[in-house]
Amino acid sequence: QVQLVESGGGLVQPGGSLRLACAASGRTGSPSAMAWFRQATGKERECVAAIRWRDRYTYTADSVKGRFTVSRDRDKNTVYLQMNSLKPDDSAVYYCAASSGSPIVSSLSHAWTYDTWGQGTQVTVSS
């Protein structure tokens, strides 16, 4: 069974940066894709970024494009989310997710693509 361990959340001032990391363990081989979702209080969960493992194809939501970058370390089975120019609207619980299937590009931003989820890490952007 795959386990995901997230790290890197916290409190940051507007305009600041944070880097989230999520390490996958507990299975042989690598996930086929990993993603970051976020859910703010009273809002639906949304995908902010995703990356397909074999070709590093990435998806980035329009709301964070140009500010957030997703990347992966294949050897460490770890996905990262570099978040720059953070805004108060970015405050949310951020969840890491992993897929064991064979996701196509158009499915990377959908929650049903992913079968393993992390526990979530809080990101708060406030002065």
Side-chain angles (χ1 to χ4, degrees):
Q1 185 176 357
V2 178
Q3 292 181 327
L4 302 178
V5 179
E6 299 143 334
S7 61
L11 173 65
V12 64
Q13 292 186 342
S17 298
L18 282 175
R19 189 175 83 150
L20 305 182
C22 175
S25 63
R27 65 173 290 168
T28 301
S30 300
S32 55
M34 293 185 74
W36 290 97
F37 287 74
R38 69 183 181 186
Q39 187 166 22
T41 303
K43 294 187 177 180
E44 293 186 356
R45 186 173 297 193
E46 65 167 337
C47 181
V48 294
I51 185 165
R52 195 163 59 183
W53 227 247
R54 60 178 174 83
D55 58 5
R56 289 189 291 182
Y57 180 91
T58 60
Y59 162 86
T60 307
D62 288 343
S63 58
V64 304
K65 200 163 290 184
R67 301 188 296 121
F68 290 13
T69 303
V70 62
S71 62
R72 63 112 170 99
D73 184 323
R74 193 164 196 167
D75 293 336
K76 295 181 180 179
N77 270 356
T78 298
V79 65
Y80 302 97
L81 184 67
Q82 178 66 44
M83 305 185 292
N84 299 328
S85 301
L86 283 160
K87 306 174 181 180
D89 283 351
D90 295 318
S91 298
V93 178
Y94 283 70
Y95 296 91
C96 172
S99 171
S100 61
S102 301
I104 58 176
V105 165
S106 61
S107 71
L108 288 175
S109 63
H110 295 280
W112 46 257
T113 295
Y114 303 93
D115 42 36
T116 302
W117 292 80
Q119 78 284 0
T121 185
Q122 178 70 47
V123 171
T124 302
V125 184
S126 175
S127 55

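These numbers come from a predicted model, not from an experiment.
Looking at Ser109, its side chain never comes within 3.5 Å of a backbone N or O of Cys47 through a donor-acceptor pair. Without hydrogens or angle criteria, Arg67 side chain to Ser85 main chain gives a donor-acceptor distance under 3.5 Å. Side chain of Arg72 to backbone of Trp53: a donor-acceptor contact under 3.5 angstrom is found. Proximity of a side-chain donor or acceptor of Gln122 to a complementary backbone N or O of Gly9 within less than 3.5 Å is not detected. Under the 3.5 Å distance criterion, the side-chain polar atoms of Glu6 are matched with a main-chain donor or acceptor of Gly120. Side-chain atoms of Ser32 come within 3.5 Å of backbone N or O of Ser99 as a donor-acceptor pair.
Rounded to the nearest 0.5 angstrom, Ser91 OG and Leu11 CG are separated by 8.5 Å. With rounding to the nearest 0.5 Å, the separation of OG in Ser25 from NZ in Lys76 is 14.5 Å. To the nearest 0.5 Å, atom CZ of residue Arg38 and atom CG of residue Asp90 are 5.0 Å apart. Note: Arg52 CZ to Thr113 OG1 = 11.0 Å, rounded to the nearest 0.5 Å. Rounding to the nearest 0.5 angstrom, the gap separating the CG atom in Leu81 from the OG1 atom in Thr121 is 11.0 Å. With rounding to the nearest 0.5 angstrom, the OG atom of Ser7 is 8.5 Å from the CZ atom of Arg19.
Clustering ILVMFWY residues whenever any of their side-chain heavy atoms sit less than 4.5 angstrom apart, transitively, puts Val12 in a cluster other than the one holding Val93. Val123 and Phe37 fall into different hydrophobic clusters, defined by Ile, Leu, Val, Met, Phe, Trp and Tyr side-chain heavy atoms under 4.5 Å apart, directly or through other members. No path of Ile, Leu, Val, Met, Phe, Trp and Tyr side chains, each step under 4.5 Å between heavy atoms, connects Leu4 with Leu108, placing them in separate hydrophobic clusters. Placement of Tyr95 and Val64 in two distinct hydrophobic clusters is found when ILVMFWY residues are connected by side-chain heavy-atom separations under 4.5 Å, directly or transitively. Taking hydrophobic clusters as Ile, Leu, Val, Met, Phe, Trp and Tyr residues chained together by side-chain heavy-atom distances below 4.5 Å, Tyr59 does not share a cluster with Met34.
No side-chain heavy atom of Val125 sits under 4.5 Å from any side-chain heavy atom of Met83. With a 4.5 Å cut-off on side-chain heavy atoms, Val79 and Cys96 count as touching. Taking 4.5 Å as the limit, some side-chain heavy atom of Asn77 sits within range of a side-chain heavy atom of Pro31.
Smallest separation of non-hydrogen atoms from Pro14 and Ser126: CD-C, 3.6 Å. Closest of all the heavy-atom pairs between Asn84 and Ser17 is OD1-OG, 2.9 Å.
Remark: aromatic rings of Trp36 and Phe68 are distant, center separation not under 6.0 Å.
Aromatic ring pairs are classed by plane angle as parallel below 30°, tilted from 30° to 60° and perpendicular above 60°; the pair Trp117 and Tyr114 is perpendicular.
Evaluation of the salt bridge (charged side-chain N to carboxylate O under 4.0 Å, His left out) rule for Asp75 yields no partner, not counting sequence neighbours. For Arg56, the salt bridge (charged side-chain N to carboxylate O under 4.0 Å, His left out) test picks out no residue, with sequence neighbours left out. Applying the salt bridge (charged side-chain N to carboxylate O under 4.0 Å, His left out) criterion to Lys87, with sequence neighbours excluded, gives no partner residue.
Defined by atom type and a distance below 3.5 Å, a donor-acceptor pair is missing between the side-chain atoms of Thr78 and Asp73.
By the neighbour-count criterion of 12 heavy atoms within 6.0 Å, atom CD of Gln3 is sparsely surrounded, having that number or fewer from other residues, nucleotides or ligands.
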